[in-house]
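Below is one structure, written out as structure tokens; the observations come after it.
Throughout, protein chains are lettered first and strands after them, A, B, ... in sequence-line order, and every chain is numbered starting at 1.
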Amino acid sequence: MALIEQLQRRVVEMGLVPKIIALLPLVSMMCAMISSLWLAILPIEGQFRRTYISENALMPSQAYSYFRETEWNILRGYRSQIEHFDTISNTERNKQMTEWLRDFGAKTAIYNDDEFGDSLYGILHAERGDGTEAILLAVPWHNAEGEFNVGGASLGISLSKFFSRWPVWSKNIIVVFSENPDVALRSWVQAYHTSLDLTGGSIEAAIVLDYPGSNDYFDHVEISYGGLNGELPNLDLVNIAVSITEHEGVQVSLHGIEPGFINDESYWSRLKILVRGIFNNAFAGLESLHGNEAFSGWRIQSVTLKAHGKEGGNNDITTFGRIPEAMFRSINNLLEKFHQSYFFYMLVAPRYFVSISSYLPATVVLSASFALASLNSLLNNQYNTLSFFSHYNLMAVLFWLISMLLSFIFSQLFLYVPSMSLLVIFILAMVMIPLAAGRLWTITEPLSYRLQMYAFFYMSLVITSLMMVNFALAFVIGILAFPMTVVGTQRNLTLKKCVLLVISNPLVSFFLIKPHPQLLQKLIFAWQQLGCWSWFVLCLGWLPSWILVALSACSGTQFHTVGTTKKEQ
Amino acid sequence: MLLEEKYAVVSCIVIRLIVSLLFPSLQAQLDKSVELSTPMSSYRSLTEGIFLLRNGFPLYHGGVVHHPPLLVAFMSLFEPQCLVALLYALTDGLISYQLMCMARCFPGLEMPSWLPGALYALNPLALLSCVSQSSVIFANAFTSTAILCALKGNLLSFATALGIASYLSPYQSLLLIPSLYVLSRENNQRTKAALAVLSVFIVLLQLSSAVTGGSWEFLQATYWSQMNFEKLFPNLGLWWYFFIEMFDMFIPFFKAAFNLFVISFILPFSIRFQRQPFYALVLCIGWITLTKPYPTLGDAGFFFSFLPFFKPLFGYMRCPLLSVLLCIHAIILSPIFYHLWVDLGSGNSNFFYAISLVYALALGFVLIDLCWSMLRIEFDGGRPNYNLKFTPTNPKPFLGELVNKPIVVTLKFNKTQYKGNLISTDNYFNLQLSEAEEVVDGKNKGKVGDIFIRCNNVLWIGEDLSAKEQHQQKPTTSDDTPTTTD
């Protein structure tokens, strides 16, 4: 404490305080730059760590895997039938599957979902367990790209048959066949925890199989792990998935990046994985889901295994089956929930990761840059002596409340009327705000400074509160919204600042990043069906601040009169 | 009652009623948040108590109810939910009204009397606490009544109010000590007040015993379980984390230590600031909020609503921005970290405890800042002098700068000062002055010409600012330097 006081005294003595205050805009911008540079530094050698299995009980690939040639015939048999399932209805498919599952003693039930399609699930009760915990194998009939998941379904049924013959299980095994990997699976997960009669205990981990086509051979496996709302499965689960896959001699790809590129072990490949990871996480729910996202929010660790490369691969389909087999064996060993390893991490390669302590400063600095911008609007003008209870300050608070209310109405409106054309009209109207300012209404200069102060402070708070829950979204929003802070207040808005203002509008900038004609519907859909709150973060977190900045960007010409009345006071 | 005051009270009640009635599910949600409700104050357990009481079951056997029996009996009179919401809103309105009455007791504050009431009406913490229907609001209402009555010198109602407040929340009884200093010394008022509070408290206990069928079990369930921290629930306080993993034999020791910690600062605050007893009271409220076993944001909201009374001190505060930022961040992040820990399972208890420590830090900063500002304004004799600095100066360069300038030398004895031009000084800080004047006890005794002052007689030396600005007599305190050399 004494040291801090000494330092503070020195700073005051050297007259640095006014200098620092004058430099606040620059410091704020520096902070934003440091924040982005921070992420660029993470893939440099020495900044990341090699992954390790933290939970000793997992012991991946320590036991011999038996899903081999003998099972191949069974698998082919099922596959020859399933190949024709593409043309028949979901009900008939489920009926046939139910029969097969019952053949080897699984209890089955069908979850009826008129909206997204029925899901069939079967439970193999553990012989050695108390039946309170379960491991889940999910097979969507159609994968994220809409292909019919022939290999996945055949693997699902033949693996279940294979598992049913084994006495080693200490956790129930649940196998789910859902219509698709997103809404149907998610609504099944929801129903499992709320309404279904046949249950098998709390699901510890879930593995989603995606093997489209009836080819015998494949090239490599893509592991998807990012969940909705910034959730990630425990790093241990990802680690065993990677280590088992590589143990089987199959190469791993992440975020759709080819293994060849990953195996370079170059800075650029790591950076690419990192950036893709951030983007996929930030925009989760807007892209089609892989399947593992469906388990987010229920304390279930999940990954999706997807087979890539129909032609020219030299790994056969039983190799792909041995990956979930070995993972099940590993998870089966667990005595506790997954808790040992990291929940907050970012992968820069299948075997390299960055932990939260290394990457969190990026958003902390970003949030600080908004806070400094807010401080700048408070201190760096002649109105800094206005008291807290001054008219302008109270007006600014009122404006903030109104903009919050408007944003809330805006967000609710589109939940009921998800029309893109209406959105375009709204966006155009919003873009008009700064242009109309000065003509239709005038905002006095002290008020405009206060408005910006609250806008940036609110933005900083939003980023801070998001950064632990959803780091990627917090970071992306912070960077995209940053142009707001350099707009400033002036009497005549230059074109450059106008552009800055427009591109920092939440919806415009989201559209620029993810140009998709159905973006609005996707955002709304992600909220309503998947429970993904990006839409509300945009509307309630970012939009109010933007409205305030847009209103204050062009402050009124009453500057002189205000200045004199203030002096008189 | 001024028009603005009426507006403040009415808006306070209306806002709370509207929020409660517009969002009927909000109450249950807020009641589940650990920030606003604890096992000792939650509405959930209160309704459980009401149910038990109505059906003639023993109140405290289940270990769920920790509210005092009279409160449960009183609340059981209110049947429909909207009536309960109205009761809570009215109680908050009463607090807001009393804050304004207190403001009228301090005309010197230059603050409109409606301001504290209006701020209380808009205080989000008080609002949320009221909507969550946590029972801390009743203890707060009786505390504010007690403070108001003490300020007005109304002995009997003071004793009743404080007695009830202590009955509702045992740590409130500590406020007796600072509030005694508010009362005047004449005809044993303080002794009478203390005895009256005690007797009110005892009468209430007797009544409670009668309500619960003559048993004294409630003492164990209400007060002892609070002081003994029997319900190990996470909250914003400092206690819970310590007792999660501790060897059994140490637990009683640490519980005693924590209780002593709550009590320890009450007496020092009261004695040191006995000439500003109202402020001592507020500091004590803040201290109890910080250190008691089951604090909620409602307590903090109550404490913050007294901050407008410190208006003249705001200029002295050294880190108001930091405390405000810490406070806002802690309050926003604590539910998020709790969600990460309990709902998602990706965080853990350390996250939540860390953020509750940030909250404690914010409260601590506010308390420290208030103490410092009160000491400063006392030093400045009640008139704020924000420019006065206490930075230590190096004596030698300081004296070097003063050569050939008019200076004041104050001696250690006889209240004697010499004013004159400093001609030279040496390594012992002996001083040679020319054209010196002698001033004893503020009276000019005439010129003494060239003099030499031996270093060991000097109390302090400063630049003679009165010689600089002839027309204005200014105190020469701006550069107090300890340049004595013994």
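- With rounding to the nearest 0.5 angstrom, the CG atom of B:Asp343 is 11.0 Å from the CH2 atom of A:Trp298.
- Among residues 461-475 of chain A, the residues having any heavy atom closer than 4.5 Å to a heavy atom of chain B are, in sequence order, A:Leu461, A:Thr464, A:Ser465, A:Met468, A:Val469.
- For A:Phe344, the part lying under 4.5 angstrom from a heavy atom of chain B is the side chain only.
- Residue A:Gln301 holds its CD atom at 9.0 Å from OG of B:Ser346, rounded to the nearest 0.5 Å.
- The closest side-chain heavy-atom distance from A:Phe457 to B:Ile328 is below 4.5 Å.
- Atom CD1 of B:Ile244 sits in a crowded spot, with more than 12 heavy atoms from other residues, nucleotides or ligands closer than 6.0 Å.
- Remark: B:His329 NE2 to A:Ser460 OG distance equals 4.5 Å, nearest 0.5 Å.
- For B:Phe314, no part lies near chain A; criterion is any non-hydrogen pair under 4.5 Å.
- The environment of NZ in B:Lys32 is sparse: at most 12 heavy-atom neighbours from other residues, nucleotides or ligands sit within 6.0 Å.
- Contact count versus chain A (heavy atoms, under 4.5 Å) is highest, among B:Leu344, B:Leu333, B:Leu321, for B:Leu344.
- Interface residue B:Leu119: only side-chain heavy atoms are found under 4.5 Å from chain A.
- Scored by the side chain to side chain contact (heavy atoms under 4.5 Å, CB included) test, A:Leu394 finds no partners at all (sequence neighbours excluded).
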